[in-house]
Amino acid sequence: MTAPTKPPHTGPADPDPAAESAPAGSPLHAPVIDWFDEHARDLPWRRPEAGAWGVMVSEFMLQQTPVSRVLPVYERWLARWPRPADLAAEAPGEAVRAWGRLGYPRRALRLHGAAAAITERHGGDVPSDHAALLALPGIGEYTAAAVASFAYGRRHAVLDTNVRRVFARAVTGVQYPPNATTAAERRLARALLPEDETTAARWAAASMELGALVCTAKNEACHRCPIAAQCAWRLAGKPAHDGPPRRGQTYAGTDRQVRGRLLAVLREAHGPVPQAALDRVWHEPVQRARALDGLVADGLVEPLAGGRYRLPLS
DNA sequence: GAACCGTGGGT
DNA sequence: TACCCAAGGTT
């Protein structure tokens with residue numbers, strides 16, 4: 001039992017299915033949700049005790065970071081800060097340090113800021129309203145929908161990279177979705193959203209899990225796919241992606257790499273770090289200074305008198 | 001819309 | 001080895 005809510009089966013116990021006024025819905029729903037009931041991973045943020053805060057923390061950490069690397073950090077985070085107010089009471093630098101090597105450390109800062117806003121504006125409770133979630137730092141369209149859906153069972157189209165790929169293949173018949181989310185994709189996601197709120201929330205989690213475990217970017221496992229028989233891409237002979245190349249992100253030699261090295265030194269140090277210690281991480285002084293300035297501008301690093309630096313106390 | 005923002009594992 | 005990719009958000 002890994003899923004947060006019960007499967008809304010229409011089984012023989014149903015009084016009279018023919019009497020339902022609502023349309024049948026997509027033929028994709030039932031197979032995908034049934035598959036999810038059987039194969040969903042037992043992830044800590046899916047357990048009831050995770051609560052909305054646990055769901056929200058997991059969503060921040062999972063933005064561009066794989067599940068396997070999130071798991072240990074998530075557990076320590078929730079043990080240390082079981083409620084938003086607990087995190088809000090800490091220095092932001094502590095969030096950055098606890099973030100460890102998950103990457104994109106601005107997410108840690110934003111999660112801290114979101115916890116503070118929740119404490120101030122929402123009485124310490126993660127809001128369930130999509131607009132209220134969207135107003136929090138670090139929460140965009142996807143995360144707002146995910147928290148509302150996964151934590152509160154609300155009816156929202158949850159359109160992440162997994163779902164976009166599943167829809168691209170199963171419905172549109174292409175190998176990959178466009179580089180950026182399009183209005184057509186949002187329209188499709190809304191059209192496919194089950195009417196019933198509980199079913200919609202399960203569909204959101206199930207379609208995402210299908211993309212993560214079966215309908216993967218590479219080496220898709222169609223033989224394990226519950227909708228393989230209906231998949232437009234597969235039925236078309238799985239044509240290769242033709243559009244513009246999916247832009248890869250260079251990393252070596254970029255400011256990002258320098259920032260990462262600088263912040264690693266500050267994370268591992270407790271207390272102020274002298275300039276000389278930071279100078280050692282990168283040979284090129286201009287780029288090094290630019291990276292450090294960027295970290296300060298982002299609020300990830302606090303400059304002190306005498307050319308010393310530390311993670312931010314405020 | 002494009003560019004930027006980390007990190008590590010799989011192939 | 002080099003490249004691809006991973007539950008995005010902000011500017």
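Note that the structure is a prediction, hence the values are computed from the model and not measured. Below, chains carry the letters A, B, ... as their sequence lines are ordered, and counting in each starts from 1.
- Looking at A/Trp233, its side chain does come within 3.5 Å of a backbone N or O of A/Pro239 through a donor-acceptor pair.
- For the pair A/Arg107 and C/dG9, the criterion of a side-chain N or O lying under 4.0 Å from OP1 or OP2 is not met.
- No contact: A/Trp99 has no heavy atom under 4.0 Å from any strand.
- As judged by a 4.0 angstrom heavy-atom cut-off over every strand, A/Ile139 is placed among residues touching the sugar-phosphate backbone only.
- Nearest to the side-chain atoms of A/Gln63 among the listed nucleotides C/dA7, C/dG9, B/dC5 stands C/dG9.
- A/Trp53 places a side-chain N or O within donor-acceptor distance of the main-chain N or O of A/Trp81, the cut-off being under 3.5 Å.
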side-chain hydrogen bond (donor to acceptor under 3.5 Å, both in side chains) for A/Glu59 and A/Tyr142? Distances and angles first, verdict last.
CA-CA 9 Å; A/Glu59 290 303 336; A/Tyr142 160 76; 2.8 Å; yes

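- At the heavy-atom level, A/Ala146 lies nowhere under 4.0 Å from the strands shown.
- Here the nucleotide nearest the side chain of A/Arg41, chosen from B/dG6, C/dA7, C/dA6, is C/dA7.
- For A/Tyr251 and B/dT7, the shortest distance from a side-chain N or O to OP1 or OP2 is below 4.0 Å.
- Across all strands shown, A/Arg290 has no heavy atoms under 4.0 Å from either base or sugar-phosphate atoms.
- When distances run from any side-chain atom of A/Tyr104 to the nucleotides C/dA7, B/dG6, C/dG9, the shortest one goes to B/dG6.
- A/Leu109 places its CG atom 16 Å from the C1' atom of C/dG8, with the value rounded to the nearest Å.
- In this pair, A/His29 and A/Trp203 present their aromatic rings perpendicular. The plane angle is above 60°, beyond the 30 to 60° band.
- Between A/Leu295 atom CG and B/dG6 atom C1' there is a gap of 11 Å when expressed in whole angstrom units.
- Taking the P atoms as reference points, B/dG8 lies 23 Å from C/dG9, given to the whole Å.
- Between the CZ atom of A/Arg110 and the P atom of B/dG6 there is a distance of 9 Å, given to the nearest Å.
- The CZ atom of A/Arg106 sits 12 Å away from the P atom of B/dT7 (whole-angstrom rounding).
- Distances from the side chain of A/Asp255 to the nucleotides C/dA7, C/dT10, B/dC5 place B/dC5 closest.
- Between A/Asp86 and A/Arg83 there is a salt bridge, since at least one side-chain N of the basic residue sits less than 4.0 Å from a carboxylate O of the acidic one.
- Proximity of A/Thr65 to the phosphate of C/dA7: no side-chain N or O atom is located under 4.0 Å from OP1 or OP2.
- Rounded to an integer number of Å, the gap from A/Arg256 CZ to B/dT7 P is 10 Å.
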Measure all distances between protein nitrogen or oxygen atoms and nitrogen or oxygen atoms of nucleotides 9-11 of chain B, and list the pairs falling under 3.5 Å.
none

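- Distance alone, capped at 3.5 Å, places no donor-acceptor pair between the A/Arg267 side chain and the A/Val96 backbone.
- The stretch residues 156-171 of chain A comes close to DNA chain C through A/Asp160, A/Thr161, A/Asn162, A/Arg165, each having a heavy atom under 4.0 Å from the strand.
- Between A/Asp298 atom CG and C/dT11 atom P there is a gap of 10 Å when expressed in whole angstrom units.
- Neither OP1 nor OP2 of C/dA6 sits under 4.0 Å from any side-chain N or O of A/Gln64.
- For the P atoms, the distance linking B/dA3 with C/dA7 amounts to 23 Å, nearest Å.
- A side-chain donor-acceptor contact under 3.5 Å links A/Arg107 to the backbone of A/Met61.
- Mapping A/Tyr176 and A/Gly140 onto DNA chain C by nearest heavy atom places A/Tyr176 at the nucleotide closer to the 5' end.
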